[in-house]
Amino acid sequence: MKDSAESWIFQPEFEKMPRSKLVQLQEERLRKIVKYCYDKVPVYRTKFKHAGITPDDVKTLDDLEKIPFTEKEDLRKAYPYGMLAADLSDVLELHASSGTTGHPTTCAYTKSDLEVWSKVMARIYASAGTRKGDIVQNAYGYGLFTGGLGFHYGALEIGATVLPIAAGETERQISLAKEYGTTVLTCTPSYAAFMGRYAKEKMGIDPAKELKWKSGLFGAEAWSEELRERIEELLGLEAFDIYGLSEVIGPGVSVECAEHDGLHIEEDHFLPEIINPKTGERCKEGETGELVLTTLTRQATPVLRFRTGDTTAFKFDECVCGRASLRMDRIFGRADDMLKVRGVKFWPKTVEHALLRVDGASENYEIVIDRPEELDVMTLRLEPSKECYESVKGDLSKLQALVKEIDEHVKSIVGVKANVELVPYGSLPRFMGKAKRIRDLRKQR
Ligand code: DLL
C-alpha cells in the first residue's frame, strides 16, 4: 500500500459536536422538519392522521418513534411530484432513482439542499484525506444516478480538482490517470477492481506503481473486506467505504475515517435509527437491523423515518479520529437481497468474502440459484484469476484443487453447498456501475 491518506475534519464544529449539543440541534431540526413535512406534503398529513398524531406530538428524539415510517412504495406512488415539499420553481436539480422494481422515485434539490450535499460530501472527502491540490478522478456515473454529481460537488467544495470522466471507457480512464496524475479515485468497488485488472492485463500498466492514486472512495453497493484488500493491493491506494441513497441525499450519509472501523454518520443532517424489519420496533444497542433515516435539513424532498432496506448495526464506542458522530457497520446488504438457499439465509457479500479468501479466485463471479426439482441448487460460476488461468491451462488436477478449495470455503463460511463451476477468464460480465451478480432462477419458475 502507498502512504496512508491523512484524514482531516472538514467541519469540526458539527463533526466533533458534543452529544448533548448535537441532540439539542437534532431536536430543533426535527421539530421544524416534521412541521414542514406536515404542512407541505399531503402524504405525511394523511400518515399523521392515521397514526393519530400532529407535529406538536414530536418534540424530542424519543417522540420520533410515534411517526409512521416512509416506505419506498410511498415515494413510488407519489411519483413524480407528490413528495415535493418545496415549490417546483425553487428546485434546482431533479434526479430519478432507477425504477428496476417499479416506478422510479423523485429526488429533488433546492439551492440549500445542494449546499448541504456539497458540505457533507466535502466531509466525506476530508475523511479520506482529500485536499485542495488533489485531482479527483470521478468515475461514478453522471446523470440521474446521484453518484457522479454528488462526488463532483464535494470535490469542488473542498477545492480539489475534478476530472469528471464518469464510468466507462476504461482504457481512457487509465491513460488519463497516468497523464494527469490523478490522486483520488471515486467509483463503485466492482469498477475499481475491474480498472485495476484492465490496466495490468490489457495495458501493461501496474497502477500500484505507475499511478498516483492514494485513496479511493468506493460505495453504491455492498462489498467485502476481501475485495477491499484486493483493490488496495491492485491499485496501491487506501480504500474508503462510503454510503448513501438517492431518497435521502445521494452519496454523503456516512463514510469511513482512516480507522476503517465503521462509517461515521452525518448525524446533524440525517437522523439514524435501526429497527427490526419484521416488527418495526427499535433494535437494542448494537443489534443488527434495518437502517431508517430521517432527513433533518432537506427542503425539496424531505423524508421522515425512511426505511432504507439496508442492514447494519450501530457502533457506539468512541473513535480515535476525534469525530463524535455515531458509526454504523459496513452494510451487509439489502434485506431484499438476502438469499435463502435450502433454508439457509445469507448475504451475497458473505459468498464474496468466502470466495476471495482463495488464492486463484478472481473477483468475477456469479451466483445462480435454481430449484430444478424440490431442492434449491446454488451454482457459483467463477473466473479463476488471470495468472491462475494461464498457469493451469490444461492441467485438470490444478483446476480440480481450486474447485475443491472454493467449495470447502463456501461450505464452511456460508453454510451452504455450492456447485463450483470455473468459467474461462474474461467470460463473465464486467460492471462500470453497480454489479449484478445474482441470478435467482427460482423466481422464473
Ligand atoms: O448508490 C448513492 C451512492 C453513490 C452511494 C455513490 C455511494 C457512492 P442509490 O442508487 O439510490 O444511491 O442506491 C442506494 O445502494 O440503499 C444501498 O443498498 C446501496 N449502497 C449505497 N452505498 C453503499 C455502501 C447510491 N457503501 C442503495 N455499501 C442503498 C453497501 C451501499 N451498499
Side-chain angles (χ1 to χ4, degrees), residues 70-72 75-76 95-109 117 120-121 123-125 127-128 136 138-155 166-167 184-192 216-225 227-228 231 239-256 260 262-266 270 272 277 288 290-293 295 301 303 306-313 327-338 347-350 352-353 431-438:
T70 305
E71 318 245 355
K72 187 133 184 151
L75 309 192
R76 285 196 187 117
H95 287 250
S97 81
S98 51
T100 40
T101 47
H103 267 311
T105 57
T106 304
C107 315
Y109 302 79
W117 200 14
V120 290
M121 284 308 294
R123 291 183 193 177
I124 271 153
Y125 274 115
S127 184
V136 177
N138 187 11
Y140 279 109
Y142 278 66
L144 294 183
F145 174 56
T146 50
L149 281 168
F151 276 89
H152 190 97
Y153 294 146
V184 178
L185 175 67
T186 62
C187 61
T188 58
S190 17
Y191 192 41
L217 285 92
F218 305 128
E221 60 186 6
W223 50 305
S224 63
E225 275 307 310
L227 185 58
R228 186 210 300 268
I231 292 174
F240 292 80
D241 191 0
I242 138 127
Y243 169 79
L245 62 165
S246 342
E247 292 83 0
V248 168
I249 187 104
V253 172
S254 62
V255 69
E256 284 180 336
H260 300 283
L263 287 78
H264 289 274
I265 304 172
E266 308 305 340
F270 316 111
T288 299
E290 180 179 346
L291 181 68
V292 170
L293 292 166
T295 57
T301 39
V303 284
F306 180 71
R307 292 188 62 158
T308 64
D310 294 321
T311 305
T312 184
R327 286 164 10 257
M328 55 184 246
D329 255 332
R330 301 185 69 196
I331 300 281
F332 296 106
R334 295 183 58 80
D336 43 11
D337 284 346
M338 199 177 209
W347 300 106
K349 179 169 148 174
T350 312
E352 182 179 286
H353 162 78
F431 302 94
M432 317 286 169
K434 296 178 195 250
K436 291 190 190 71
R437 303 196 192 278
I438 320 280

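Quick caveat, the model's predicted, so the values are computed rather than measured. The residues of the chain are indexed from 1 along the displayed sequence. Start at 1 and go down the list; that is how both ligands and their atoms are numbered.
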So does [Y] get a backbone contact from the side chain of [X], meaning a donor-acceptor N/O pair under 3.5 Å?
X	Y	answer
Thr295	Val303	yes
Arg307	Glu290	no
Thr308	Leu291	yes

Please report whether ligand 1 has a polar contact with [X], defined as an N or O pair separated by less than 3.5 Å (distance criterion only).
X	value
Pro251	no
Tyr140	no
Lys434	yes
Ile242	yes
Arg334	yes

Using a strict 4.0 Å threshold on nitrogen-to-oxygen distance, state whether Arg437 and Glu221 make a salt bridge.
-> no
Would you call Glu352 and Lys349 a salt bridge, using N to O less than 4.0 angstrom?
-> no
Mind running ring-ring contact (aromatic ring centres under 6.0 Å, His included) on Phe145 and His95 for me, showing each step along the way?
-> CA-CA 7 Å; Phe145 174 56; His95 287 250; 8.9 Å; no
Which is closest to atom 30 (C) of ligand 1 in terms of heavy atoms, Lys349, Met121, Glu221, Arg330?
-> Glu221
Per atom 21 (C) of ligand 1, closest listed option by heavy atom (Gly148, Gly309, Gly244) = Gly244
Using a 4.5 Å cut-off on heavy atoms from C-beta on, say whether the side chain of Tyr125 contacts that of Phe151.
->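 Counting from C-beta outward, Phe151 and Tyr125 do come under 4.5 Å.
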Distance filter under 4.0 Å to [X] heavy atoms, resulting ligand 1 atoms:
X	value
Asp241	24 (C), 26 (N)
Asp310	16 (O), 17 (C), 18 (O), 29 (C)
Phe151	6 (C), 8 (C)

Measure [X] to ligand 1 on non-hydrogen atoms and call it side chain, backbone, both or neither using the 4.0 Å cut-off.
X	answer
Thr146	side chain
Leu245	both
Ala220	both

Between the side chains of Arg228 and His260, does any donor sit under 3.5 Å from an acceptor?
->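 There is such a pair (donor and acceptor under 3.5 Å, judged by atom type) between the side chains of Arg228 and His260.
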Which distance, rounded to the nearest 0.5 Å, do you find between the CD of Glu71 and the CZ of Arg76?
->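 Spacing of CD (Glu71) from CZ (Arg76) equals 10.5 Å.
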